[in-house]
Amino acid sequence: MRPDIAGSFGAKLSLKMADAAERQLFFVRATGLHVPLAGLVRGAGGRPLLQASGWLLAEMGYSAAMKLRGTPGISFLSGVSVDPKRLEWFLKAAGRSSTEPTRAAPAAEE
């Protein structure tokens, strides 16, 4: 919303960039099935949270994630928003804690 529009409603508009080191959630997709995504993420200082063949959900700093974008083997990397309570519930239901990586079950073959 533009400041002049916000002002007409009596609202204050304040934008703040996140600290580049602040940890966030990122969805990472590999170019193939044999790309060591977890190793690439850990090497950049990130922590894999949920992983399956060809993708993972990781926690890492924004600057580290942006450096990974150009890495060979990574086809897609973007920030995601996940309700932390639901993620914690899912991890507990899967028998994992939020401090250890979770590997999703492989997809059923058709």
Side-chain angles (χ1 to χ4, degrees):
M1 180 180 289
R2 292 186 353 215
D4 57 327
I5 295 173
S8 68
F9 289 99
K12 287 185 178 181
L13 183 61
S14 175
L15 300 175
K16 179 185 169 201
M17 294 290 290
D19 180 4
E22 185 178 325
R23 298 180 75 78
Q24 303 170 34
L25 292 177
F26 291 90
F27 179 79
V28 186
R29 182 173 295 210
T31 55
L33 297 177
H34 302 291
V35 175
L37 282 179
L40 292 172
V41 166
R42 283 189 194 100
R47 181 171 62 121
L49 298 175
L50 181 65
Q51 180 177 359
S53 181
W55 65 269
L56 63 74
L57 182 65
E59 177 189 49
M60 67 182 109
Y62 178 81
S63 58
M66 294 304 101
K67 288 178 186 174
L68 276 178
R69 271 198 169 162
T71 301
I74 294 179
S75 66
F76 180 82
L77 189 148
S78 184
V80 295
S81 177
V82 177
D83 178 357
K85 288 182 182 179
R86 288 184 182 171
L87 178 61
E88 187 66 31
W89 177 85
F90 174 79
L91 292 173
K92 285 181 183 177
R96 304 286 184 159
S97 74
S98 60
T99 59
E100 63 182 298
T102 301
R103 180 170 289 281
E109 293 184 26
E110 295 181 28

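Values below: every heavy atom of this structure, side chains too, minus hydrogens, waters and symmetry copies. Since we're looking at a predicted model, the values are computed, not measured.
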remark   = Closest heavy-atom pair, Pro48 versus Leu56, reported as atoms and distance to 0.1 Å, is CB-CD2, 4.3 Å
ask   = Which residue pairs satisfy the salt bridge (charged side-chain N to carboxylate O under 4.0 Å, His left out) criterion with at least one member in residues 64-78, sequence neighbours excluded?
value = none
ask   = Given the rule that I, L, V, M, F, W and Y join up when any side-chain heavy atoms are under 4.5 Å apart, are Leu33 and Leu77 in one cluster?
value = no
request  = State the CZ-OG1 distance between Arg29 and Thr31, to the nearest 0.5 angstrom.
outcome  = 11.5 Å
request  = First locate atom CZ of Arg47, then atom CE of Met60, and finally report the distance between them rounded to the nearest 0.5 Å.
outcome  = 11.5 Å
ask   = Taking the side chain as C-beta and beyond, is there a heavy-atom pair between Leu68 and Val28 under 4.5 Å?
value = no
ask   = Residues in side chain to side chain contact (heavy atoms under 4.5 Å, CB included) with Ala30, at least two apart?
value = Val35, Leu37
ask   = Can you list the residues that meet the ring-ring contact (aromatic ring centres under 6.0 Å, His included) rule with Phe76, with sequence neighbours excluded?
value = none
